[in-house]
Q: 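Structure provided below as structure tokens; questions to follow.
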There are 2 protein chains.
Amino acid sequence: MPSYTAPVKDQMFVLNELLKISEQDVPGYDELDRDTLDAILGEAAKLAGDVLAPLNAVGDTQGCVLENGVVRTPEGFKAAFDQVREGGWTALDCDPEYGGQGLPYLVSTAVGEQFSAANMAFNMYQGLTHGAYSAIHAHGSDEQKATYLPKMVTCEWTGTMNLTEPHCGTDLGLMRTKAVPQEDGTYKVSGQKIFISAGDHDMSENVIHLVLAKIPGGPEGIKGVSLFIVPKFIVENGQPGARNGVSVGKIEEKMGIHGNSTCVMNYDEATGYLLGEAHKGMRAMFTMMNEARIGVGLQGFAQAEAAYQNAVIYAKDRLQGRDVTGAKNPDGPADPLIVHPDIRRNLMDQKSFVEGARAFTYWGAAMIDRAHKCEDKAADGLISLLTPVIKGFLTDRGFDMAVQAQQVYGGHGYIEEWGMSQFARDARIAMIYEGANGVQALDLVGRKLAQDGGKHVMAFFAMVTDFIKETKGRSEGFEKDFREPLKKASKDLQSAGMFFMQNGMKNPNAALSGSYDFMHLFGHVCLGLMWAKMAVAAEDALAAGASDTAFYETKIATGRYYMARQLPLTGTHLARIESGAETVMALDAEAF
Amino acid sequence: MPSYTAPVKDQMFVLNELLKISEQDVPGYDELDRDTLDAILGEAAKLAGDVLAPLNAVGDTQGCVLENGVVRTPEGFKAAFDQVREGGWTALDCDPEYGGQGLPYLVSTAVGEQFSAANMAFNMYQGLTHGAYSAIHAHGSDEQKATYLPKMVTCEWTGTMNLTEPHCGTDLGLMRTKAVPQEDGTYKVSGQKIFISAGDHDMSENVIHLVLAKIPGGPEGIKGVSLFIVPKFIVENGQPGARNGVSVGKIEEKMGIHGNSTCVMNYDEATGYLLGEAHKGMRAMFTMMNEARIGVGLQGFAQAEAAYQNAVIYAKDRLQGRDVTGAKNPDGPADPLIVHPDIRRNLMDQKSFVEGARAFTYWGAAMIDRAHKCEDKAADGLISLLTPVIKGFLTDRGFDMAVQAQQVYGGHGYIEEWGMSQFARDARIAMIYEGANGVQALDLVGRKLAQDGGKHVMAFFAMVTDFIKETKGRSEGFEKDFREPLKKASKDLQSAGMFFMQNGMKNPNAALSGSYDFMHLFGHVCLGLMWAKMAVAAEDALAAGASDTAFYETKIATGRYYMARQLPLTGTHLARIESGAETVMALDAEAF
């Protein structure tokens with residue numbers, strides 16, 4: 001069975017030496033000295049490794065079961081959920097006014113990486129609740145907040161997000177679920193929602209559904225969508241009371257994340273409470289979209305991290321073949337897999353991706369803190385731009401890396417007992433939900449690039465250019481291994497942006513045909529930037545006489561791999577983008 | 001539930017217009033006029049679409065069950081197997097001396113594509129039997145051939161290949177299964193074999209296991225391995241008689257191909273008959289390796305074809321969003337997915353891969369016919385070189401394409417009911433078995449490139465160069481869209497080969513670190529070559545006044561997509577290869 005050990009040292013490196021959070025002027029960061037961080041991440045790591053990870057395969061094997069209308073979660077899930085709750089882990093970055101700990105989002109991101117890597121399906125119960133918490137916190141009335149938030153902060157009540165219907169996913173304007181106003185100010189919500197993660201289960205006293213629906217007579221399409229709070233049990237005097245008209249239609253049979261109950265939810269004149277303004281439901285949803293999407297990007301690389309750790313263990317343990325340059329285990333029957341160059345290539349792909357992705361995601365989380373806590377418009381604009389990249393690029397590559405980790409196991413990788421299949425199957429969903437990755441690419445190229453007059457992408461380019469200027473002449477190695485590849489890659493990104501500007505106006509398809517490649521091109525540049533910055537941090541630490549030289553040298557070597565072996569992909573992405581729409585759109589639909 | 005319609009027209013195009021088989025001087029090809037081929041492929045298509053495809057999901061859902069030592073296959077499998085058998089489909093390219101039809105391997109490849117696309121797990125029962133048939137046919141005594149082959153040609157008795165043991169897969173020198181000689185000339189075979197596809201089942205009267213084992217006292221390692229025939233029921237007077245000492249330990253729980261019984265087989269002093277010479281077991285295995293590996297490459301693109309067909313159906317059917325250039329379905333609530341450029345990109349990736357892969361595989365199969373039927377050493381050498389590319393590249397990309405097809409379905413792609421997950425899960429095994437793809441890359445770079453003094457790779461380069469010369473000035477479009485990209489890509493391949501020659505001698509790791517990228521680079525050049533040749537064939541047909549202009553124009557447009565959007569990857573692969581071993585091998589094993 002696979003294991004998971006939270007990479008606390010790597011996490012601390014990003015927080016302290018790359019992001020230098022204690023030096024940042026963000027409220028709450030000043031309390032995050034190394035000891036505090038170490039204590040938080042160390043405690044979370046125990047829970048992740050000792051409690052959540054062992055339940056990962058259990059969740060996959062047992063799945064969730066619907067019995068007499070009630071969802072039963074896999075063995076051990078409830079006890080573990082209680083433990084997470086009692087440790088205060090669900091309340092980390094929540095508002096102290098409602099029982100939260102008020103820690104920065106960045107901290108809950110780092111803890112979230114551990115929990116998600118250990119057991120993605122399990123951690124979603126809390127993740128969805130946090131999303132619903134955020135929506136109510138941002139848009140709820142004082143009464144709604146007082147009613148729901150304290151219980152949701154502790155996950156005594158969990159939450160869900162109900163968007164998708166059988167005939168509409170991305171295109172929510174086609175929605176049919178309706179909410180009919182009642183005389184007492186409530187609504188009767190009726191319709192069917194599908195793919196509802198954590199839709200129902202036996203780990204909490206109540207489930208607070210946030211449901212998108214249309215109020216009859218409102219505007220057509222997406223502009224007529226409103227958001228409602230629909231509790232499973234109607235809250236009376238602060239306690240779950242009468243059963244509401246919401247029920248589980250079925251639990252979906254999925255490729256993975258079996259430990260999470262993905263439900264078809266049926267609403268039959270269920271009592272709902274309008275959250276925020278009527279017909280402004282999408283706006284309310286969007287306020288939490290960045291966080292939710294970053295959370296999914298995090299799932300992508302977290303699964304890759306867990307898979308990578310196990311691939312490394314297997315590669316060191318499994319004896320097969322001999323090192324072509326001379327036996328490394330001459331007394332044994334064969335050498336461990338890790339001596340073989342192609343196994344190294346595979347593992348280095350994974351390692352350099354995961355560590356770069358972690359830096360990228362934490363950097364994004366720090367922007368969210370800055371945007372929220374400092375009302376920093378530039379940070380808000382930049383994270384808005386980067387969110388589809390974090391979501392789309394990291395989940396695509398995270399899945400690829402989980403598949404590569406599985407490959408290290410040879411035939412055993414295909415056998416469920418070894419657990420490597422689960423990482424790939426679980427990681428697969430992250431490319432789909434919270435907006436399929438093609439939709440992320442569309443969001444990036446169709447909306448975000450031009451947002452605020454293109455200010456944010458210009459700011460990104462300026463930042464990269466500044467970094468390249470600042471690091472000129474730093475060291476011969478840095479110049480060749482990091483600065484030049486980054487310069488080349490960011491030039492590719494700028495050329496792609498230029499192509500869109502020159503061609504997208506007269507033919508939007510010329511830009512949209514390259515949107516997916518642009519998302520990946522952008523992702524590689526971001527990871528290249530992160531690696532260059534991490535190399536600077538590691539070089540600085542070594543220059544300052546850090547005792548753990550092996551750690552920093554490994555960082556630099558891993559970064560060099562990324563720059564040499566992954567970053568050249570930007571050239572391919574640019575070539576595709578510059579080939580435009582012609583070959584993409586050449587065929588009539590009948591010719592497919 | 002997904003459907004499958006055999007792409008007979010596309011298959012015929014490759015056979016007749018690309019490979020021009022009726023013009024080839026290969027025994028048996030002269031009988032393959034269009035009508036005959038059309039009849040064979042048309043009949044096979046009915047079986048594939050109407051009988052095998054509907055059982056694909058059944059196999060996945062029900063799997064195989066071990067009950068009282070007997071394996072039960074999914075509902076409907078036995079009846080379908082009888083139908084395949086009775087139609088003579090298992091005997092297509094088998095030796096007429098033993099009841100086969102003596103058709104070229106190319107024909108059974110084309111039929112195999114259909115059956116494998118329709119139901120991969122099902123088709124493996126026959127595929128494994130064919131492999132065992134080939135080994136006995138090539139190495140068996142006259143008596144062994146007379147005893148086993150007639151029943152294996154009809155699949156009344158099926159076959160298996162027993163190589164892997166728990167502690168050894170690629171490195172078969174570590175094998176522990178032993179075969180102790182008996183006075184009557186037979187052997188007692190004892191040991192455990194794992195991952196035995198079609199290891200046992202209820203669809204045939206007997207199972208003929210081919211088992212690799214060591215005769216005590218023989219040479220150490222791989223040189224002491226022999227091959228044995230170990231029937232489930234010992235054959236007496238041509239009929240299955242006494243039960244042999246072989247039993248199913250368990251059926252493995254796998255990620256996919258649930259319809260095939262992948263067994264742990266226990267041999268307990270089972271009676272075995274030496275096949276071929278003692279200690280030459282690996283050589284016997286290798287004689288059928290090319291065919292087996294090409295068969296797996298075929299599985300890779302066949303799954304992609306089946307997944308693609310369903311993605312197209314969904315993309316035309318599902319209404320979501322609007323074409324940015326103007327509504328295409330103004331009377332409907334939304335436009336079909338296929339209007340969106342990123343969906344097009346996704347589908348074109350799939351279409352251009354599958355059609356290129358088909359051409360590549362059939363071309364390889366034709367080389368096998370030429371090698372076997374004409375004793376053409378050049379063809380034998382070339383297919384030996386290309387086999388790891390067909391296996392490794394087509395299964396990697398085939399899996400990627402099945403994943404992309406799944407992505408078209410959005411959330412529905414993750415739900416098992418829709419069947420898209422199965423294509424991805426089934427396709428995943430093809431990257432692993434018959435030599436994991438990393439081993440294919442090692443075989444390519446470590447053995448095949450230098451084979452016979454590098455003669456075969458030189459012949460490949462000469463062939464590409466000749467084609468490029470011959471097609472000079474063909475047409476402006478061909479020049480820009482096909483000839484130039486192919487020239488650039490083949491130059492990248494030659495540069496990579498040069499890098500290996502210059503660096504691999506002094507440091508083998510410099511070559512092996514680039515082996516995986518070389519396999520992909522080579523694959524892209526081969527598909528580029530196939531597309532350029534198909535474009536020539538299509539242009540010629542149009543110039544000759546072919547009536548079905550849409551078909552040929554679609555071929556050219558699809559090829560242009562591949563050249564513009566996929567071939568640029570050769571540049572990235574070359575950059576990685578030329579970065580050498582340094583970043584790949586930089587870390588100590590402890591640093592992972």
Side-chain angles (χ1 to χ4, degrees), chain A residues 164 169-171 174 195 252-255 312 316 320-321 324-325 333-334 338 341-342 344-345 347-348 407 410-411 413-417 421 429 431-433 436 438 441-442 508-509 512-513 515-516 554 557 560-561 564-565 568-569 571-572 575-576 579 581 583-587 589 591-592, chain B residues 164 169-171 174 195 252-255 312 316 320-321 324-325 333-334 338 341-342 344-345 347-348 407 410-411 413-417 421 429 431-433 436 438 441-442 508-509 512-513 515-516 554 557 560-561 564-565 568-569 571-572 575-576 579 581 583-587 589 591-592:
Chain A
T164 307
T170 301
D171 191 353
L174 304 175
F195 306 157
E252 301 281 11
E253 294 288 338
K254 308 182 299 289
M255 185 179 187
V312 168
K316 289 180 181 176
Q320 207 81 179
V324 285
T325 64
I338 203 165
D342 188 61
R344 289 289 183 124
R345 170 204 58 85
L347 294 175
M348 288 300 291
Q407 189 74 11
Y414 202 65
I415 307 298
E416 291 293 353
E417 193 183 333
S421 161
I429 189 58
M431 297 158 69
I432 299 174
Y433 63 16
L442 178 66
N509 285 347
L512 297 181
S513 295
S515 59
Y516 213 86
T554 297
R560 288 174 62 229
Y561 180 91
R565 292 253 167 182
L569 275 165
T572 296
R576 286 180 183 160
S579 77
T583 62
V584 176
M585 305 302 289
L587 299 187
F592 281 91
Chain B
T164 307
T170 302
D171 191 352
L174 303 176
F195 306 157
E252 301 281 11
E253 295 288 338
K254 309 183 298 290
M255 185 179 186
V312 168
K316 289 180 181 175
Q320 207 82 177
V324 285
T325 64
I338 203 165
D342 189 61
R344 289 288 184 125
R345 170 204 56 86
L347 294 175
M348 288 300 291
Q407 190 74 11
Y414 201 65
I415 307 298
E416 291 294 352
E417 193 184 334
S421 161
I429 188 58
M431 297 158 69
I432 299 175
Y433 63 18
L442 179 66
N509 286 347
L512 297 181
S513 295
S515 59
Y516 212 87
T554 297
R560 288 174 62 229
Y561 181 91
R565 292 254 168 180
L569 274 165
T572 297
R576 285 180 184 160
S579 77
T583 61
V584 176
M585 305 302 288
L587 298 187
F592 282 90

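Per chain, numbering begins at 1; letters A, B, ... match sequence-line order. Only this structure's heavy atoms are used, side chains among them; waters, hydrogens and symmetry mates stay out.
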Q: Of the backbone (N, CA, C, O) and the side chain (C-beta and beyond), which part of A:Lys254 lies under 4.5 Å from a heavy atom of chain B, both, or neither?
A: both
Q: For A:Asp171 and B:Gly321, work out which heavy atoms get closest and say how close.
A: OD2-N, 2.6 Å
Q: Going by the rule side chain to side chain donor-acceptor pair (under 3.5 Å), which residues pair with B:Thr554 if we only count those two or more places apart in sequence or in a different chain?
A: none
Q: Heavy-atom distance under 4.5 Å to chain B: side chain of A:Tyr433, backbone, both or neither?
A: neither
Q: In terms of heavy-atom proximity below 4.5 Å to chain B, should A:Ile338 be classed as side chain, backbone, both, or neither?
A: side chain
Q: For chain B, find which of A:Glu417, A:Arg345, A:Arg565, A:Met348 contributes the most heavy-atom pairs closer than 4.5 angstrom.
A: A:Arg565
Q: Give the member of A:Met585, A:Arg576, A:Met431 that has the highest number of heavy-atom pairs under 4.5 Å with chain B.
A: A:Arg576
Q: Tell me, out of B:Ser579, B:Pro333, B:Ala557, who's got the most heavy-atom pairs with chain A below 4.5 Å.
A: B:Ser579
Q: Which one of A:Pro508, A:Gly411, A:Gly410 has the most heavy-atom pairs closer than 4.5 Å to chain B?
A: A:Gly411
Q: Report which part of A:Ser513 has an atom under 4.5 Å of a heavy atom belonging to chain B: side chain, backbone, both, or neither.
A: both
Q: Can you tell which of A:Ser421, A:Ala575, A:Gly571 has the highest number of heavy-atom pairs within less than 4.5 Å of chain B?
A: A:Ser421
Q: Tell me, for B:Leu174 versus chain A, whether the close heavy atoms (under 4.5 Å) come from the side chain, the backbone, both or neither.
A: side chain
Q: Please rank A:Ala436, A:Ala586, A:Pro568 by heavy-atom pairs under 4.5 Å with chain B and give me the top one.
A: A:Pro568
Q: Under a 4.5 Å heavy-atom cutoff, which of B:Gln320, B:Glu416, B:Lys316 has the most pairs with chain A?
A: B:Gln320
Q: Among A:Leu512, A:Thr572, A:Thr164, which residue forms the greatest number of heavy-atom pairs with chain B at distances under 4.5 Å?
A: A:Thr572
Q: How would you list, by chain and number, every residue that makes a side chain to side chain donor-acceptor pair (under 3.5 Å) with B:Arg344, sequence neighbours excluded?
A: none
Q: With a 4.5 angstrom heavy-atom cut-off, could you sort out which part of A:Val312 is near chain B: side chain, backbone, both or neither?
A: side chain
Q: How many angstroms lie between atom CD1 of B:Ile415 and atom CD of A:Glu252, to the nearest 0.5 angstrom?
A: 4.0 Å
Q: Less than 4.5 Å apart, side chain to side chain, heavy atoms only: is that true for B:Asp342 and A:Leu442?
A: no
Q: Side chain, backbone, both or neither: which part of A:Ala441 has a heavy atom under 4.5 Å from chain B?
A: neither
